[in-house]
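One structure is given here, and the rest of the page talks about it.
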Amino acid sequence: MNEVTIGILAIVVLLFLFLTGIELAYAMALVGFIGYIILVSFKGAMTVMAKDFFGTFSSYGLTVIPLFVLMGQIAFNAGIAKRLYDGANKIMGHIPGGLALATVAGVTVFKAICGSSAATTATFAGVAVPEMDRFGYAKKFSTGIVAVAGTLGILLPPSVVLIIFGMITEQSVGKLFLAGFVPGLLLAVLFASVIVGWCGINPRVGPKGERHTWKEATETLPEIVWPVVIFVLMVGGLMGGIFTPTEAGSVGAFAVLLLTLFKKDLDFRKFVKSIRESLRTSCMVLMLIASSTILGHFIAVTTIPAILADWVVQLPIHRCVIMVLITIIYLLGGSFIDDLAFMILATPIFFPVILKLGYDPLWAGIMICLTVMIGGVIPPVAMNVFIVKNITKTPVGIIYSGVYPFLISMAALAVLLFVFPQVALFLPNALMN
Amino acid sequence: MSRFLSLASSLAKLMDIVAGLALVGIMLLTSLDVILRYFGRPIQGAYDIVSMAAVFIIGFALPRTSWDRAHVTVDILVDNFPAIRRAFWVGTRILALFLFALLAWNLIKLGLDFSETGESTLTLALPLYPVAFALGMCAVVQCVVLVADFARTGNEGGEHE
């Protein structure tokens with residue numbers, strides 16, 4: 001058997017192991033380790049394993065993950081999202097579909113200080129859906145928009161998914177943040193357009209909410225200003241080369257901590273809960289990264305990524321078609337495994353192919369994040385839909401039916417990114433070169 | 001048996017507290033470093049300290065993460081067919097135990113290598129071997145937690161709590 005056959009066999013074994021219910025990280029580390037023994041040597045495999053785990057766990061660069069997760073958890077547990085939603089509500093709640101628009105606006109601002117899609121979705125499912133219920137919004141509409149808007153967290157900085165992508169492909173996290181910024185905002189606008197369109201066609205899905213005076217509306221502005229200030233400080237420092245990503249995460253987490261303490265939104269119990277949740281998420285993600293490093297070392301020995309890249313490039317097919325196929329693989333893989341885990345697993349294999357096709361690495365990162373977002377709301381495994389289901393006790397089928405119209409926005413953004421890559425690239429190119 | 005379970009769970013929780021303190025510690029240290037650097041007096045070796053603290057954040061959080069079953073798994077098959085979950089449960093636990101036993105052994109060996117070669121961090125010259133040993137210890141505790149987790153659910157492999 002040559003290296004490639006062993007590599008392919010190993011991937012088949014890995015997929016089988018996934019189905020047994022074993023932790024994905026463990027399966028990746030084991031297959032990588034045993035594969036390395038077969039292709040190189042037992043001694044080599046032992047060294048690779050120890051060095052990869054030690055190297056990942058003692059990496060300065062990767063501390064950015066627990067820090068950004070901590071920032072988001074503090075913001076989540078302190079209830080900042082509720083204030084943001086109430087604020088947005090007072091400004092736009094009185095127009096048709098206004099409470100849904102306020103959800104998109106609230107998520108967009110909350111996102112500035114919370115990189116987690118799951119935490120954002122959970123918060124808004126608890127805050128925005130009851131409010132929309134109160135004004136008689138159709139259940140599929142209210143739950144659908146919350147599930148979908150939550151995914152904005154994957155594209156808008158400081159996205160944890162973008163950070164992970166940057167870490168595994170050695171791209172600048174600052175540049176990736178900037179690349180995600182315009183597409184993220186654009187997607188928020190596209191979601192808003194679907195809301196307006198849907199309410200135009202069927203006004204009963206999103207009736208008008210309460211009207212507030214201008215005075216009431218302007219009083220909520222400071223709530224919106226603070227997260228934006230922290231965001232500008234953090235991302236600005238990162239862009240200007242003043243901070244490393246780890247420092248940006250620390251400063252951001254510390255600033256949100258001070259803000260929530262100052263506003264008396266955070267007590268010791270909530271703080272401990274934030275830390276505990278951050279440790280769970282970070283440990284889960286770092287285990288996946290450490291294990292995929294071991295697997296990656298084995299896959300590199302099989303020479304599969306290089307052969308795949310060379311083979312794909314000489315195919316008589318337009319590179320757009322290949323890129324679409326790659327995104328479909330991400331969607332399918334993510335649906336059956338787990339979107340984030342699949343991204344960590346598959347990116348080392350497909351990234352060289354994408355580069356060889358001549359695509360920009362930042363653009364590729366945004367496209368892959370978009371597939372992770374879509375994966376988060378479509379069957380069979382839709383993380384965001386499940387979160388909304390658990391919190392609002394709405395049947396999954398109803399939420400899915402509310403999600404589908406918004407997929408148009410995501411598809412529109414994907415097409416736009418294909419035709420005009422500058423949508424993602426002009427900001428990092430203009431500001432960071 | 002229940003004493004063993006509570007011991008494993010307490011150990012995991014205790015280590016999780018260390019991990020939490022390390023996380024808050026690097027947040028404060030790095031923020032302070034950024035502020036002091038603005039005044040031209042950065043903290044020497046902050047990079048080294050953060051890298052070493054990272055081991056404590058992730059490594060020490062590992063047992064609790066396993067105890068809480070917070071690692072990603074593919075549930076689509078095993079959730080729908082409990083018989084399959086039961087069939088594979090013992091096997092996957094043995095594989096997991098094998099992985100972390102191997103890792104513990106490897107990391108302790110790495111620690112011995114580090115102590116022999118005197119490997120250390122760049123700025124502060126902090127020796128690396130105690131950190132490798134600490135991570136090796138995390139893998140040992142992880143093995144204990146895996147056994148305890150198995151004992152708590154029996155060979156059913158079903159959901160707990």
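Order of the sequence lines fixes the chain letters, A, B, ..., with proteins taken first and strands second; residue numbering starts at 1 for each chain. Keep in mind that what you see is a predicted model, and the values were worked out from it rather than measured. Values below: all heavy atoms of this structure, side chains included; hydrogens, waters and symmetry mates excluded.
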Beyond-backbone contact of B:Leu23 with A:Leu67, side-chain heavy atoms, under 4.5 angstrom: yes
message: Is any side-chain heavy atom of B:Val50 closer than 4.5 Å to one of A:Glu247?
response: no
query: Mind checking whether A:Phe16 and B:Phe88 have ring centres under 6.0 Å apart?
result: yes
So how far is it from [X] [atom1] to [Y] [atom2], rounded to the nearest 0.5 Å?
X        : Y        : atom1 : atom2 : answer
A:Phe33  : B:Leu99  : CZ    : CG    : 9.0 Å
A:Ser250 : B:Asp33  : OG    : CG    : 9.5 Å
A:Leu24  : B:Thr73  : CG    : OG1   : 6.5 Å
A:Phe54  : B:Leu135 : CZ    : CG    : 7.0 Å
B:Ile58  : A:Met284 : CD1   : CE    : 11.0 Å

field: Sorted by number, residues from residues 340-348 of chain A in contact with chain B (heavy atoms, under 4.5 Å)
entry: none
Counting heavy-atom pairs under 4.5 Å to chain A, which of [options] comes out on top?
options                              : answer
B:Leu107, B:Leu128, B:Leu103         : B:Leu103
B:Val55, B:Val74, B:Leu95            : B:Val74
B:Ile35, B:Leu102, B:Val131, B:Val24 : B:Leu102
B:Thr92, B:Ile26, B:Ile57, B:Asn106  : B:Asn106

Under 4.5 Å from any heavy atom of chain B, what part of [X] do you find: side chain, backbone, both or neither?
X        : answer
A:Ser58  : both
A:Met287 : side chain
A:Ser278 : side chain
A:Leu19  : both
A:Leu17  : side chain
A:Leu257 : side chain

Heavy-atom proximity to chain A below 4.5 Å, by part of [X]:
X        : result
B:Leu62  : both
B:Phe114 : side chain
B:Tyr38  : neither
B:Phe56  : neither
B:Val34  : side chain

Grab the two heavy atoms, one from [X] and one from [Y], that are nearest each other, plus how far apart they are.
X        : Y        : result
B:Ser66  : A:Tyr26  : OG-OH, 3.1 Å
B:Gly20  : A:Leu279 : N-CD1, 3.6 Å
A:Phe243 : B:Arg37  : CD2-NH2, 4.3 Å

- prompt: When you measure from the side chain of A:Arg280 to the backbone N and O of B:Ala61, does any donor-acceptor pair fall under 3.5 Å?
  reply: yes
query: Would A:Arg276 and B:Arg64 count as a side chain to side chain contact (heavy atoms under 4.5 Å, CB included) if you check the C-alpha gap in whole Å, the side-chain angles of each, and the deciding distance to 0.1 Å?
result: CA-CA 10 Å; A:Arg276 202 166 52 220; B:Arg64 179 89 192 257; 3.7 Å; yes
Does [X] [atom1] have over 12 foreign heavy atoms under 6.0 Å away?
X        : atom1 : result
A:Met383 : CE    : no
B:Phe4   : CZ    : yes
A:His297 : NE2   : no
A:Lys270 : NZ    : yes
B:Tyr129 : OH    : no

field: Parallel, tilted or perpendicular: ring planes of A:Phe42 versus B:Trp105, cut at 30 and 60 degrees
entry: tilted
field: Options A:Ile275, A:Thr47, A:Val272, ranked by heavy-atom pairs under 4.5 Å with chain B, top entry
entry: A:Ile275
